[in-house]
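Numbering of ligands and ligand atoms starts at 1, following listing order. The structure displayed is predicted, hence computed values, not measured ones. Every heavy atom of this structure was used, including side-chain atoms; hydrogens, water molecules and symmetry mates were not.
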Amino acid sequence: MIASINPVDNTLITSFEPATPTAIEAALVRAAAAFARHRETPLAERAAKLARAAEILETESDRYGRLLTLEMGKPIAAARAEVAKCALACRYYAEHGAALLADEIIPTSARRSLVRYQPLGVVLAVMPWNFPFWQVFRFAAPSLMAGNTGILKHASNVPQSALAIEEILRRAGFDGDEFQTLLITSSQVESLLVDDRIAAATLTGSEGAGRSVGSIAGREIKKVVLELGGSDPFVIMPSADIDTAAQVAAKARCVNNGQSCIAAKRFIVHRDVAGEFTTKFVAAMRALRVGDPMDESTDVGPLATPQILEEVAAFVDDATALGAKALCGGRRVDGPGNYYPPTVLVDIPSAAKIVTEEVFGPVAALFVAKNKEDAVRIANATPFGLGAAAWTRDEEEQRFFADRIEAGQVFINAMVASDPRVPFGGIRRSGFGRELGPHGIREFVNAKTIWVA
Ligand code: NAP
């Protein structure tokens with residue numbers, strides 16, 4: 001079902017019928033024709049449209065933020081901040097896109113040799129509900145700037161956000177065919193992916209969705225970027241500022257009600273500071289206010305769907321049944337809505353699912369390390385490789401963690417966050433390809449070598 005359902009009480013707000021094959025065909029025809037036009041537009045014109053999109057996002061962050069909170073339950077302040085962050089991505093590519101796409105002269109024996117970056121065509125974006133605006137804009141801004149057109153298949157629980165994004169880009173000056181939202185189910189994705197008019201695809205979401213889209217794209221020999229799950233480590237060493245680390249740890253675990261791919265999920269603390277960090281971390285987790293996400297003072301709102309609530313509760317129940325202890329939280333909040341409280345688990349046996357799988361909710365798994373080598377061993381003992389944070393004031397240790405942790409990004413003395421200026425992505429089962437920064441705009445382009453003898 002494609003429907004907005006308020007996670008505060010699971011009431012239906014509105015629902016939509018999936019697009020018919022005829023509507024999908026019409027969208028493909030329009031997207032392909034729009035590509036032929038859009039690729040010829042001057043870069044300055046594309047940049048001006050992105051700058052206008054940024055203005056709309058900034059001035060109307062409250063209106064659009066409310067929509068995100070209503071559809072998926074993130075606290076309203078975070079929702080407004082997400083909308084405003086999309087403006088940063090639009091501005092970054094509006095300002096730097098032309099330089100990033102400029103011809104790259106490479107001296108050779110030729111009279112002239114260079115690389116020219118040209119757009120690929122219509123790119124299909126399959127996107128998740130957890131950051132309904134940010135996930136889409138971080139793909140759309142560089143891709144439109146590079147001259148591609150886009151078709152968005154958003155998650156089935158955020159259809160109004162999906163339509164709002166199309167509306168914003170249209171108001172910014174992209175004609176309605178350069179970026180289209182198609183309200184379709186995941187079972188309709190394959191028919192689009194195999195269509196010759198789709199040149200490439202990007203998917204942000206779970207491993208299962210990634211495997212499916214990645215394998216179809218492989219069969220069709222189409223470029224694909226996969227941004228998948230993570231189980232990010234957060235390492236705390238004795239030289240760290242423990243007070244700050246504990247505060248940031250709670251925020252890093254509970255960001256977006258715990259439903260972020262780059263939320264810190266496994267906390268690995270050196271045994272010399274394990275007692276102090278654990279006490280302060282548990283206090284910080286307990287202090288977070290759980291409640292109505294429209295309330296400005298709420299830190300943690302409901303999980304997006306009843307199914308996610310079931311999954312999170314099952315992870316905790318599995319760990320505690322095997323002997324883990326919950327130092328706070330540990331059982332769902334009574335009453336309506338998909339609420340689960342911030343939870344810290346310790347003494348977790350290695351057989352518990354939480355050790356190796358991703359938990360998409362405010363549940364922290366805490367481990368104690370003997371030394372820095374042991375901390376890295378635990379950090380890397382995961383099939384994922386998205387982000388990682390290490391807290392230490394020792395410069396040699398900072399270099400050690402930055403070098404040794406296997407992840408797409410390592411943050412020292414800070415929580416992992418995406419930023420339009422730097423590339424973002426994962427390795428191993430967290431996916432491949434990069435978004436944002438200079439690398440992001442070069443994913444969906446043909447790096448064409450031109451050799452003039
Ligand atoms: P999901 O269930 O995989 O859904 C993501 C998108 O893929 C939705 O649009 C969904 O459509 C679609 N989809 C699902 N199965 C599909 C299939 N077999 N074929 C084609 N499309 C399919 O993931 P989610 O629960 O929304 O998002 C949570 C996951 O995303 C977590 O694992 C999280 O870590 C990951 N994530 C990663 C990043 C990153 O940058 N690495 C960022 C955010 C989230 P329907 O809604 O219609 O099923």
| said: Within the structure provided, determine whether Leu67 and Val158 are in side-chain contact (heavy-atom separation under 4.5 Å). | reply: no

| message | Does only the side chain of Ser212 get under 4.0 Å from ligand 1, or the backbone, or both, or neither? Count heavy atoms. | response | side chain

| said: With a heavy-atom distance limit of 4.0 Å, tell me whether Asn130 approaches ligand 1 through its side chain, its backbone, both, or neither. | reply: side chain

| note | If we number the atoms of ligand 1 from 1 as shown, the ones under 4.0 Å from a heavy atom of Val189 are 20 (C), 21 (N)

| Criterion salt bridge (charged side-chain N to carboxylate O under 4.0 Å, His left out) on Lys353 and Glu311, from CA distance to verdict | CA-CA 11 Å; Lys353 292 196 178 89; Glu311 286 167 11; over 6 Å; no

| Of all the non-hydrogen atoms in the protein, which one sits nearest to atom 24 (P) of ligand 1, and at what distance? | Trp129 NE1, 3.3 Å

| Is there a nitrogen or oxygen of Lys153 sitting under 3.5 Å from a nitrogen or oxygen of ligand 1? | yes

| query | Considering only the protein, which heavy-atom contact is closest to atom 15 (N) of ligand 1, and what is its distance? | reply | Ala209 CB, 3.5 Å

| field | Contact partition for Ile308 relative to ligand 1, non-hydrogen atoms under 4.0 Å | value | neither

| task | Would you please classify the geometry between the Phe281 ring and the Phe267 ring as parallel, tilted or perpendicular, with 30° and 60° separating the classes? | result | tilted

| Any idea how Phe174 and His38 line up, ring-wise: parallel (<30°), tilted (30 to 60°), or perpendicular (>60°)? | perpendicular

| task | Give the residue, atom name and distance (to 0.1 Å) of the protein heavy atom nearest atom 6 (C) of ligand 1. | result | Met127 O, 3.5 Å

| query | Donor-acceptor pair, Thr298 side chain versus Pro293 backbone, under 3.5 Å? | reply | no

| note | Near His154 (heavy-atom distance under 4.0 Å), the atoms of ligand 1 are 9 (O)

| said: Considering non-hydrogen atoms of the protein only, which is the closest contact for atom 27 (O) of ligand 1, and what is the distance? | reply: Pro128 CB, 3.7 Å

| task | Would you mind checking if Glu25 and Arg197 are paired as a salt bridge, meaning a charged N to carboxylate O distance below 4.0 Å? | result | yes

| field | side-chain contact (heavy atoms from CB on, under 4.5 Å) partner of Pro119, chosen from Asn446, Asn148, Thr149 | value | Asn148

| note | the protein heavy atom lying closest to atom 22 (C) of ligand 1 turns out to be Ser186 CB, 3.3 Å

| query | Any heavy atom of Phe131 sitting closer than 4.0 Å to ligand 1? | reply | no

| message | Below a 4.0 angstrom heavy-atom separation, can you tell me which part of Leu386, side chain or backbone, both or neither, approaches ligand 1? | response | side chain

| note | the protein heavy atom lying closest to atom 28 (C) of ligand 1 turns out to be Phe360 CE2, 3.5 Å

| field | Verdict with reasoning, Arg138 to Thr204, per side-chain contact (heavy atoms from CB on, under 4.5 Å) | value | CA-CA 11 Å; Arg138 76 182 188 183; Thr204 301; 4.2 Å; yes

| In terms of side-chain heavy atoms, does Trp134 have a donor or acceptor partner in Ser418 at a distance below 3.5 Å? | yes

| said: Within ligand 1, which atoms have a heavy atom of Val213 less than 4.0 Å away? | reply: 20 (C)

| said: Is the contact between Glu358 and ligand 1 made by the side chain, the backbone, both, or neither, using heavy atoms and a 4.0 Å cut-off? | reply: side chain

| Looking only at side chains, do Ser4 and Glu71 share a donor and an acceptor under 3.5 Å apart? | yes

| request: Before signing off on this row, confirm whether Gly205 and ligand 1 have an N or O atom pair separated by under 3.5 Å. | output: yes

| Which part of Glu435 is near ligand 1, with near meaning a heavy atom under 4.0 Å away: side chain, backbone, both or neither? | neither

| Distance-only, no hydrogens or angles: does the Thr343 side chain make a donor-acceptor pair with backbone N or O of Pro341 under 3.5 Å? | yes

| note | The protein heavy atom nearest to atom 2 (O) of ligand 1 is Ser206 OG, 3.9 Å

| said: Is Arg138 close enough to touch ligand 1? Criterion: a residue heavy atom under 4.0 Å from a ligand atom. | reply: yes

| query | Relative to the heavy atoms of Gln135, which atoms of ligand 1 are at a distance of less than 4.0 Å? | reply | 42 (C), 43 (C)

| field | Leu228, Asn256, Leu203, Ile262: member with heavy atom nearest to atom 37 (C) of ligand 1 | value | Leu228

| said: Looking at Glu178 and Arg46, is any side-chain nitrogen of the basic one under 4.0 Å from a carboxylate oxygen of the acidic one? | reply: no

| field | atom 39 (C) of ligand 1 - nearest protein heavy atom and its distance | value | Cys261 SG, 3.2 Å

| said: Tell me the contacting part of Thr204 for ligand 1: side chain, backbone, both, or neither, using a 4.0 Å heavy-atom threshold, strictly below. | reply: both

| In ligand 1, which numbered atoms sit nearer than 4.0 Å to a non-hydrogen atom of Ser156? | 45 (P), 46 (O), 47 (O)

| field | salt_bridge(Glu60, Arg171) N-O dist < 4.0 Å | value | yes

| query | Checking Tyr340 side chain against Gly330 main chain: does a donor-acceptor pair fall under 3.5 Å? | reply | yes

| task | Flag the pair Lys265 and Asp232 as a salt bridge only when some basic side-chain nitrogen lies within less than 4.0 angstrom of an acidic carboxylate oxygen. | result | no

| request: Report, in ascending order of atom number, the atoms of ligand 1 lying under 4.0 Å from any heavy atom of Val126. | output: 6 (C), 7 (O), 9 (O), 12 (C), 21 (N)

